Undergrad: 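Have a look at the structure that comes next, please.
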Amino acid sequence: MSFPGCTVCAMSARETSVVSAPFGDAKGWGLRWVWRSTGELASMPPLGQQPPYADGISVFAVAAAVVDGRPLVVSASEDGSLRLWDLATQKQIGSPLTGHTGAVYGLATATLDGRPVAVSASNDKSARVWDLTTGRQIGSPFTAHAAIVRGVTTTTRHGRPAAVTGGFDGAVRVWDLATGEQLAEPFTGHAYMATDVATAELDGRTVVVSSGSLGAIRVSDLATGEQLGEPFTAHKDTVSTLATTTLQGRPVAVTGGHYDGTVRVWDLATRLPIGEPWTGHERGVSGVAFTTLDGRPVALTAGVDRTVRLWDFPTGKQLHVFTGHTDFVWSIDLTMLDGRPVAVTGSSDGTLRIWDLQFGLEGAESAVGHRRTVRAMTTAVIDEQPVVVTGSDDHSVRLWDLTSGQPVRQPLMGHNGPVRALATTVVDDRTVAVTGSDDHTVRIWDLAAGKQLGASLTGHTAPVCSVATASAAGQPLVVTAGADKTVRVWNVATGEQIGAPGISHRRWVRAVDTAVIDGTPVSVAGSFHGAIRVRELATNRQTSTPSPGRHGPPVQQLATTVVGGQPVALTTSENWNWEEDVPVRLWEVTTGRHLGELPAVNVQVLTAASVHGHPVAVAASGPMVEVWDLTTRRQIGPRLHLPDAVTAVAVDEAGHIVVGFRSGLAGFGVE
């Protein structure tokens, strides 16, 4: 049997079971981080993920504050609004703060008369002060600048809280936060524009450090506006970010280049560089912040290359790279959450992310687990212990405690190529894993004993793309599909191949799963040619003559489950036309009838199963994972955001979702 016009694809193998607990209204379900375990090349996932701004509006600035004892983050965006977020709950507080008529790129926080406030700088040529307790604007906007205002910082002048702003009119201005009065004359000297401002203590007085066009840095006395010494050039072109701090007792400025992508440290007393430029960002550096971790000073930078990087401050050695944002990262700030230091970042992908900095420091010194991309995973139970089984491009198969995410037992070694397919079954009361590899072999592993059972199953003449397990007449069977255009069925207990290989597909067989039609176990396979065909497992024969109907793009992923008492296949395909979104399609396995679509598009990893009699699908696109109720076609809980593109997914009946990305794993709970 074939499914006509299949333009969708899906997963391999019976690799998961899915979500748990009684199913009610899908909107009532929540998803939360449970654990994360990353290897040498993996990135730390965010501790939390704020809901995206409407229509993906860019978040240009973030600043941390504490209001009524709660750690908050203020964010500012291209729509001119400010928003307040509770870090502990990752929920927005109140309504957006509105008033600006242009994008807000600059943001700083301070305390005014005992109240936490934020100061925002905007493309509308103004700066505004906001009471974070009430969400209301304080006084009138600061409107003396004749052009865009981008730079802003807060300080004190003569004991009174003040703000310093830098504008594209080339002026640096100082404001009294309480009265809105401009203090003294503007600082001038920048030839074209003042892009960023910061303050520092130098030789017993407060100074303003400002960056301008062509990389010029100026140092001015805050009290008098007098320029101190000659300006120096930090970068060959525009300085895209500027911050000040102290290093080994010396006041320093740290700058990021807009074009050269380097980070540079400057001694403010001598105007000389300290050490060599820090390299790592592939494009411009857009934010910098400082803290101390385990007694060592560190710096964090945000870049338009979508990364956040952790550096050892004294040496400039890169310690860790945090990835996960899918667009430019514009801003970064630091705060404490539950007693541990975290960074908060804002991006053009419309989200805020919260990063565990201690993990980044630890992850730079130790590597646990896979050293290359995780390609396949499933769940199992060994000696009453729930585990995750993973296969990787590093040729290994590894086991992890499903509850804690910690590695268990030694890795299973034997494959001579990447492990791309994985499924589990039971043979003689032993839980076994069946793996398929680019080395053309299929191997069976006793998971409790940690060793291979018998000889490798050979026959495929190209990489094994997909594996699924089932049973027929009481015998455990495994079906494999490969790039050699064949579908093969094996008796797991004996290692014997059943029937002749199915070779009806013209191109690669990309994905295979199993189902039951009227009591008969079958395999359901999708090919590079776009066809989906059904075969009886007992004979490996096709159930009917395939329809010559028009086939679509290659089947990328395929998964089966039962919906309404009928076996159903979910498929998604390669996106040949990048201007159109490719949906997940549902097909009735018995008839090949198209049942409709899921509102999930451009899915690269897909699985489905029935939990407590309820069918669920888990779909991943890039770094995002969605869980779907297949009966209602509604999403369960919020979208999950991972630190990198998802390469494998597994779910068990207890509600654990495990996600693989590069060499890392992350566990979620459904609540």
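Index from 1, following the sequence. Bear in mind the structure is a predicted one, so any value in this text is a computation, not a measurement.
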Undergrad: Between Thr101 (side chain only) and Asp124 (backbone N and O only), is there a donor and an acceptor less than 3.5 Å apart?
TA: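 No, because the side chain of Thr101 does not come within donor-acceptor range (under 3.5 Å) of the backbone of Asp124.
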Undergrad: Could you state the interatomic distance from OG (Ser126) to CZ (Phe142), rounded to the nearest 0.5 Å?
TA: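 The CZ atom of Phe142 is 10.0 Å from OG of Ser126, to the nearest 0.5 Å.
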Undergrad: Can you tell if the side chain of Met336 reaches within under 4.5 Å of the side chain of Val342, non-hydrogen atoms only?
TA: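 Answer no - side chains too far apart.
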Undergrad: Is the backbone N or O of Gly139 less than 3.5 Å from a side-chain atom of Gln137, with the two atoms forming a donor-acceptor pair by type?
TA: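 Side chain of Gln137 to backbone of Gly139: a pair is present.
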Undergrad: Side chain to side chain donor-acceptor pair (under 3.5 Å) between Ser211 and Thr195: does it pass, once the steps are laid out?
TA: CA-CA 6 Å; Ser211 61; Thr195 56; 2.7 Å; yes
Undergrad: Could you go step by step and tell me if Val265 and Trp278 meet the side chain to side chain contact (heavy atoms under 4.5 Å, CB included) rule?
TA: CA-CA 9 Å; Val265 183; Trp278 304 354; 3.6 Å; yes
Undergrad: Atom OG in Ser75, atom CZ in Arg83: separation rounded to 0.5 Å?
TA: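 Output value for this atom pair is 7.0 Å.
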Undergrad: Ala63 and Asp333: which non-hydrogen atoms are nearest, and at how many Å?
TA: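 Taking Ala63 first and Asp333 second, the nearest heavy atoms are CA-OD2, 3.2 Å.
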Undergrad: With sequence neighbours excluded, what pairs up with Asp327 under the side-chain contact (heavy atoms from CB on, under 4.5 Å) test?
TA: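 Asp327 satisfies side-chain contact (heavy atoms from CB on, under 4.5 Å) with Ser347, Ser348, Asp349 once adjacent residues are dropped.
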Undergrad: Counting N and O atoms only, with roles assigned by atom type, does the side chain of Ser122 sit under 3.5 Å from a partner on the main chain of Gly102, one being a donor and the other an acceptor?
TA: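 Yes; judged by distance alone, with no hydrogens or angles, the pair exists.
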Undergrad: Taking atom OG1 of Thr153 and atom CG of Asp196, what is their separation to the nearest 0.5 Å?
TA: 8.5 Å
Undergrad: Side chains of Arg306 and Thr323: closer than 4.5 Å at any heavy-atom pair?
TA: no
Undergrad: Under the rule for side-chain contact (heavy atoms from CB on, under 4.5 Å), what residues qualify as partners of Thr165, not counting sequence neighbours?
TA: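 Listed in chain order: Ala127, His145, Val149, Val152, Arg173, Trp175.
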Undergrad: Between CZ of Arg70 and CG of Leu337, what distance do you get to the nearest 0.5 Å?
TA: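 Taking CZ in Arg70 and CG in Leu337, the distance rounds to 13.0 Å.
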Undergrad: Does Thr98 have any side-chain contact (heavy atoms from CB on, under 4.5 Å) partners at least two apart in sequence or in another chain, and if so, which?
TA: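 Scan of Thr98 (side-chain contact (heavy atoms from CB on, under 4.5 Å), adjacent residues dropped) gives Ser81, Pro96.
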Undergrad: Determine, for Tyr105 and Arg150, whether the Lys NZ or Arg CZ falls below 6.0 Å from the six-membered ring centre while staying within 45 degrees of the axis.
TA: yes
Undergrad: For the backbone of Ile57 and the side chain of Ser77, can you confirm whether one donor and one acceptor N or O come within less than 3.5 Å of each other?
TA: no
Undergrad: Any side-chain heavy atom of Trp130 sitting closer than 4.5 Å to one from Ile138?
TA: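 When only atoms from C-beta onward are counted, Ile138 and Trp130 do not touch, as no gap falls below 4.5 Å.
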Undergrad: Closest approach of Gly189 and Arg218, non-hydrogen atoms and distance?
TA: O-NH2, 2.8 Å
Undergrad: Compute the ring centroids of Phe322 and His320, then answer whether they are less than 6.0 Å apart.
TA: yes
Undergrad: Kindly indicate whether the side chain of Leu228, heavy atoms from C-beta on, has any atom under 4.5 Å from the side chain of Val207.
TA: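 Yes, their side chains come closer than 4.5 Å.
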Undergrad: Is there a donor-acceptor pair closer than 3.5 Å between any side-chain N or O of Thr244 and the backbone N or O of Ala198?
TA: no
Undergrad: Do Val209 and Ile217 have side chains that approach each other closer than 4.5 Å (heavy atoms only, starting at C-beta)?
TA: yes
Undergrad: Going through the checks in order, is the side chain to side chain contact (heavy atoms under 4.5 Å, CB included) test met by Ile657 and Val627?
TA: CA-CA 10 Å; Ile657 301 174; Val627 183; 3.7 Å; yes
Undergrad: Set out, in order, the CA-CA distance, both residues' side-chain angles and the distance that settles side chain to side chain contact (heavy atoms under 4.5 Å, CB included) for Ile332 and Val288, then state yes or no.
TA: CA-CA 6 Å; Ile332 185 168; Val288 62; 5.6 Å; no
Undergrad: How about CZ on Arg115, more than 12 heavy atoms from neighbouring residues, nucleotides or ligands closer than 6.0 Å, or not?
TA: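 Enclosed: over 12 neighbouring heavy atoms sit under 6.0 Å from CZ of Arg115.
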Undergrad: Between Thr238 (side chain) and Ser240 (backbone), is there a donor-acceptor pair under 3.5 Å?
TA: no
Undergrad: Looking only at atom types and distance, does a side-chain atom of Arg157 sit under 3.5 Å from a main-chain N or O of Ala223, one as donor and one as acceptor?
TA: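 The answer is yes, because a donor-acceptor pair under 3.5 Å joins these two groups.
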Undergrad: Less than 4.5 Å apart, any side-chain heavy atom of Leu72 and any of Val66?
TA: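 Side-chain contact under 4.5 Å: no.
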Undergrad: Evaluate the criterion side chain to side chain donor-acceptor pair (under 3.5 Å) for residue pair Thr206 and Glu201; output intermediate values, then yes/no.
TA: CA-CA 5 Å; Thr206 303; Glu201 295 299 316; 2.6 Å; yes
Undergrad: Treating Glu626 as the side-chain partner and Trp628 as the backbone partner, does any N or O pair qualify as donor plus acceptor under 3.5 Å?
TA: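 No, because the side chain of Glu626 does not come within donor-acceptor range (under 3.5 Å) of the backbone of Trp628.
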Undergrad: At their closest point, which heavy atom of Leu132 faces which heavy atom of Leu84, and how far apart are they?
TA: O-CD2, 3.4 Å
Undergrad: Hey, are the side chains of Leu300 and Val308 touching, using non-hydrogen atoms and a 4.5 Å cut-off?
TA: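 Yes; the side chains approach each other to less than 4.5 Å.
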Undergrad: Start with the C-alpha distance between Ile274 and Arg250, add both sets of side-chain angles, then the distance that settles side chain to side chain contact (heavy atoms under 4.5 Å, CB included), and finish with yes or no.
TA: CA-CA 11 Å; Ile274 299 175; Arg250 294 180 292 176; 3.8 Å; yes
Undergrad: Measuring from atom CG of Asp221 to atom CG of Leu202, what distance do you get when rounded to the nearest 0.5 angstrom?
TA: 9.5 Å
Undergrad: Check Gly106 against Val104 and note the closest heavy-atom contact, atom names and distance.
TA: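 That closest heavy-atom pairing would be O-CG1, 3.5 Å.
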Undergrad: Which heavy atom of Val62 sits nearest to which heavy atom of Val344, and what is that distance?
TA: CG2-O, 3.5 Å
Undergrad: Can you tell me if Gln182 uses its side chain to pair, donor with acceptor, with the backbone of Gly180 under 3.5 Å?
TA: no
Undergrad: Side-chain contact, heavy-atom cut-off 4.5 Å: Arg160 with Asp176?
TA: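 Result yes, sub-4.5 Å side-chain heavy-atom pair found.
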Undergrad: Looking only at non-hydrogen atoms, find the nearest pair between Leu177 and Ala110 and report the distance.
TA: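 Leu177 and Ala110 have their closest heavy atoms at CD1-CB, 4.1 Å.
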Undergrad: Of the options Val263, Asp260, Thr262, which is the one that meets Thr279 in a side chain to side chain contact (heavy atoms under 4.5 Å, CB included)?
TA: Thr262
Undergrad: Roughly how far, to the nearest 0.5 Å, is the CG atom of Leu357 from the OG1 atom of Thr292?
TA: 11.5 Å
Undergrad: Answer yes when Arg283 and Asp305 have at least one side-chain N-carboxylate O distance shorter than 4.0 Å, and no when they do not.
TA: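 No, no charged N to carboxylate O under 4.0 Å.
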Undergrad: List the steps, then state whether side chain to side chain donor-acceptor pair (under 3.5 Å) holds for Thr307 with Arg309.
TA: CA-CA 6 Å; Thr307 68; Arg309 297 174 186 258; 3.0 Å; yes
Undergrad: Step by step, would you call Thr301 with Trp311 a side chain to side chain donor-acceptor pair (under 3.5 Å)?
TA: CA-CA 8 Å; Thr301 55; Trp311 311 81; 2.8 Å; yes
Undergrad: Classify the ring geometry between Phe290 and Phe313 as parallel (under 30°), tilted (30 to 60°) or perpendicular (over 60°).
TA: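 Taking Phe313 first and then Phe290, their aromatic rings lie parallel (interplane angle under 30°).
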Undergrad: Do any N or O atoms from the side chain of Thr315 and from the backbone of Lys317 form a donor-acceptor pair under 3.5 angstrom?
TA: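 At least one qualifying donor-acceptor pair exists.
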Undergrad: Per the side chain to side chain contact (heavy atoms under 4.5 Å, CB included) rule, which among Leu334, Leu293, Thr335, Val298 passes with Pro341?
TA: Leu293
Undergrad: Should Asp629 and Arg634 count as an ion pair when the cut-off is N to O under 4.0 Å?
TA: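 Judged by the 4.0 Å cut-off on N to carboxylate O distance, Asp629 and Arg634 do not form a salt bridge.
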